[in-house]
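In this chain, numbering begins with 1 at the start of the sequence shown.
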Amino acid sequence: MLKIAYHTQYVHPVREGHRFPMLKYELIPEQLCYEGLVSAVNFFEPEMVDFETAVLAHDVGYLRRLFDLTLDAKMVRRIGFPLTQELVDRERYLVDGTLKSALFALDYGISFNVAGGTHHAGRDFGEGFCLMNDQAIAAAYLLEQGLATRILIIDLDVHQGNGTAHIFSGIPEVYTFSMHGDKNFPFIKERSDRDVALEDGIQDELYLKLLKENLAFLFETVNPDFVFYQAGVDILGSDKLGKLKVSADGCRERDRMVLESCNVRKVPVQVSMGGGYSTQIRDIVHAHVETYRAAIAIFDF
């Protein structure tokens, strides 16, 4: 069964006109059910991740100040949301959603979190709407529990997974791959194990060619026993922040290539949705739903 993490607190109130499309976290489950791709039985409700688990990937001091709501004003500005108990609780639900999703992936081959992909959070900092790094915490948990020994993180959000690279720098059990816009946020990049920096305006043909070449290299070289996929849809030409020109068909093919690469090798994969900032929220939701559609077809649910 395809298992999908969702909690009503994923939808956190933001000021009117805020560029972060919170509403998508409510619309994605609704659209999946409306199209008959899944039903209520596919969804599970996460709990709030505990401090001891979150600290597997984050600095104790940073995490304590986050949980205690005592981060300094500069860090709060770096995160981009006003710091509240409700916001921290949301992030804790989100992280547990990815962690539990990873455990379901071990049983069923693939599992999703409706939210997540908070890849700008580093070991001792939050940034770019990310307080904690959900996939990094889940990866660290799998390693700590002996459930995986060689993890590959495939990050195809338009923005570099700088926080993920920061957390796993010098840790050979986790291989970080980020294919992102070169001239986009974050403007000071970290060094992933493998970075592919894309020029503005890249279209489907070159994007997919680069991805195909890199996926072949990654699976042959890394030989992972678990994959985390950050499936941001801000690569779309319609995205306000992306600067790339990938079509909806190209984004759909991207997902197919990644998920097929995992399935054919019998490598479990956890998928977090990542970013998406198209002007029309229906374009964002549609692109995310297509990732689920690809998974359902490829993994034969």
- Report yes or no: do L143 and Y175 belong to one cluster of Ile/Leu/Val/Met/Phe/Trp/Tyr joined by side chain heavy-atom distances under 4.5 Å? no

- Task: Flag yes if M273 and M257 sit in one hydrophobic cluster, no otherwise; membership is Ile, Leu, Val, Met, Phe, Trp, Tyr, and two members link when side-chain heavy atoms are under 4.5 Å apart.
- Result: yes

- Message: Within the supplied structure, the quantity of interest is the number of heavy atoms (other residues, nucleotides, ligands) at a distance under 6.0 Å from E30 CD; does it exceed 12?
- Response: yes

- Residues in salt bridge (charged side-chain N to carboxylate O under 4.0 Å, His left out) contact with E26, at least two apart in sequence or another chain: none

- Query: Are F81 and L241 in one and the same hydrophobic cluster, where Ile, Leu, Val, Met, Phe, Trp and Tyr link if side-chain heavy atoms are under 4.5 Å apart?
  - Reply: yes

- salt bridge (Lys or Arg N to Asp or Glu O under 4.0 Å) partners of residues 210-234, not counting sequence neighbours, each pair once: K209-E213

- Query: Are side-chain N/O atoms of D204 and S247 paired as donor and acceptor at under 3.5 Å?
  - Reply: yes

- Heavy atoms of other groups near E47 CD, more than 12 under 6.0 Å: no

- salt bridge (charged side-chain N to carboxylate O under 4.0 Å, His left out) with E290: which residues, sequence neighbours excluded? R252, R293

- Task: Determine which pairs satisfy ring pair (Phe, Tyr, Trp, His ring centres under 6.0 Å) with at least one residue from residues 44-66, sequence neighbours left out, and list them in order.
- Result: F44-F104, F51-F67

- Item | Lys/Arg-Asp/Glu bridge criterion (N-O < 4.0 Å) met for K183, E199 | yes

- Closest non-hydrogen atom pair, N113 against L94: ND2-O, 3.0 Å

- Message: Is any side-chain heavy atom of V271 closer than 4.5 Å to one of V258?
- Response: no

- Residue pair L2 / F299, side-chain heavy-atom distance below 4.5 Å: no

- Using ring pair (Phe, Tyr, Trp, His ring centres under 6.0 Å) as the criterion, list what pairs up with Y141, not counting sequence neighbours. none

- Item | V158 versus H180, closest heavy-atom pair with distance | O-CB, 3.3 Å

- Are L63 and L56 co-members of a hydrophobic cluster defined by side-chain heavy atoms under 4.5 Å apart? no

- Query: Considering residues at least two apart in sequence or located in another chain, which fulfil the salt bridge (charged side-chain N to carboxylate O under 4.0 Å, His left out) criterion with D96?
  - Reply: K100

- Going hydrophobic residue to hydrophobic residue with side-chain gaps under 4.5 angstrom, can you get from L106 over to Y108? no

- Item | Contact list for residues 120-129, test side-chain hydrogen bond (donor to acceptor under 3.5 Å, both in side chains), sequence neighbours left out | R78-E127, H120-N162, E127-N162

- Query: How about I137 and V95: do any of their side-chain heavy atoms sit closer than 4.5 Å?
  - Reply: yes

- CD on E205 to CG on L210, rounded to 0.5 Å: 10.5 Å

- Can you name the nearest heavy-atom pair linking L236 to A287, along with the distance? CD1-CB, 3.8 Å

- Kindly write out the residues that satisfy ring pair (Phe, Tyr, Trp, His ring centres under 6.0 Å) with F125, not counting sequence neighbours, or none if the list is empty. H166

- Under 6.0 Å from the NZ atom of K245, do we count more than 12 heavy atoms belonging to anything else shown? no

- G276 and I284 have their tightest heavy-atom pair at O-CD1, 3.5 Å

- Message: Side chains of P82 and V76, heavy atoms from C-beta outward: is any pair under 4.5 Å?
- Response: no

- Message: What verdict does the side chain to side chain contact (heavy atoms under 4.5 Å, CB included) test give for I167 and N133, after you've listed the backbone C-alpha separation in whole Å, the side-chain angles of each residue and the deciding distance to 0.1 Å?
- Response: CA-CA 9 Å; I167 289 169; N133 192 312; 3.8 Å; yes

- Has R265 got more than 12 heavy atoms of other residues, nucleotides or ligands less than 6.0 Å from its CZ? yes

- Could you give the distance from OG1 (T53) to CZ (R92), rounded to the nearest 0.5 Å? 10.0 Å

- Query: Between D195, T164, D193, which is the residue that forms a side chain to side chain donor-acceptor pair (under 3.5 Å) with T176?
  - Reply: D193

- So how far is it from Q280 CD to K240 NZ, rounded to the nearest 0.5 Å? 9.5 Å

- Query: Are S272 and Q270 linked by a side-chain donor-acceptor pair shorter than 3.5 Å?
  - Reply: yes

- Message: Can you pull out every ring pair (Phe, Tyr, Trp, His ring centres under 6.0 Å) where at least one residue sits in residues 186-238? Sequence neighbours excluded, please.
- Response: F226-F228

- Would a distance-only check, ignoring hydrogens and angles, find a side-chain to backbone donor-acceptor pair under 3.5 Å from T84 to L87? yes

- Task: Kindly indicate whether the side chain of K3, heavy atoms from C-beta on, has any atom under 4.5 Å from the side chain of M1.
- Result: yes

- Message: My understanding is that only residues two or more places apart in sequence, or in another chain, count here; which of them pass salt bridge (charged side-chain N to carboxylate O under 4.0 Å, His left out) with E173?
- Response: none

- Item | Non-hydrogen side-chain atoms of L83 and T70 separated by less than 4.5 Å | no

- For E91 and T118, which heavy atoms make the closest approach, and how far apart are they? OE2-CG2, 3.6 Å

- Message: Measuring from atom CG of D255 to atom CG of L211, what distance do you get when rounded to the nearest 0.5 angstrom?
- Response: 9.5 Å

- Query: Would you say the side-chain atoms of N223 and R150 include a donor-acceptor pair closer than 3.5 Å?
  - Reply: no

- Distance in Å, N42 CG paired with F301 CZ, rounded so as to fall on 0.5 Å steps: 9.0 Å

- Message: So, taking the atom named CZ in R90 and the one named CG in L131, what distance separates them when rounded to the nearest 0.5 Å?
- Response: 8.5 Å

- Query: Sequence neighbours excluded, which residues qualify as ring pair (Phe, Tyr, Trp, His ring centres under 6.0 Å) partners of Y6?
  - Reply: Y10

- Kindly determine whether F177 and N214 satisfy side chain to side chain contact (heavy atoms under 4.5 Å, CB included), including the steps that lead there. CA-CA 9 Å; F177 168 65; N214 278 278; 3.8 Å; yes

- Query: So, for I110 and A295, which heavy atoms are closest and what is the spacing to 0.1 Å?
  - Reply: CD1-CB, 3.6 Å

- Message: List the residues meeting ring pair (Phe, Tyr, Trp, His ring centres under 6.0 Å) with H286, not counting sequence neighbours, and say none if there are none.
- Response: none

- Message: In the structure I gave you, are the side-chain heavy atoms of P268 and V227 within less than 4.5 Å of one another anywhere?
- Response: no

- Message: side chain to side chain contact (heavy atoms under 4.5 Å, CB included), that's the test. Do V38 and C33 meet it? Break it down for me.
- Response: CA-CA 5 Å; V38 302; C33 291; 4.2 Å; yes

- Query: Is it the case that D155 and S178 place a side-chain donor and acceptor less than 3.5 Å from each other?
  - Reply: no

- Task: Just do the side chain to side chain contact (heavy atoms under 4.5 Å, CB included) check on Q230 and L156 with the steps written out, would you?
- Result: CA-CA 6 Å; Q230 209 277 23; L156 299 184; over 6 Å; no

- Find out whether I151 and F168 are in side-chain contact, i.e. whether some heavy atom of one side chain is under 4.5 Å from a heavy atom of the other. no

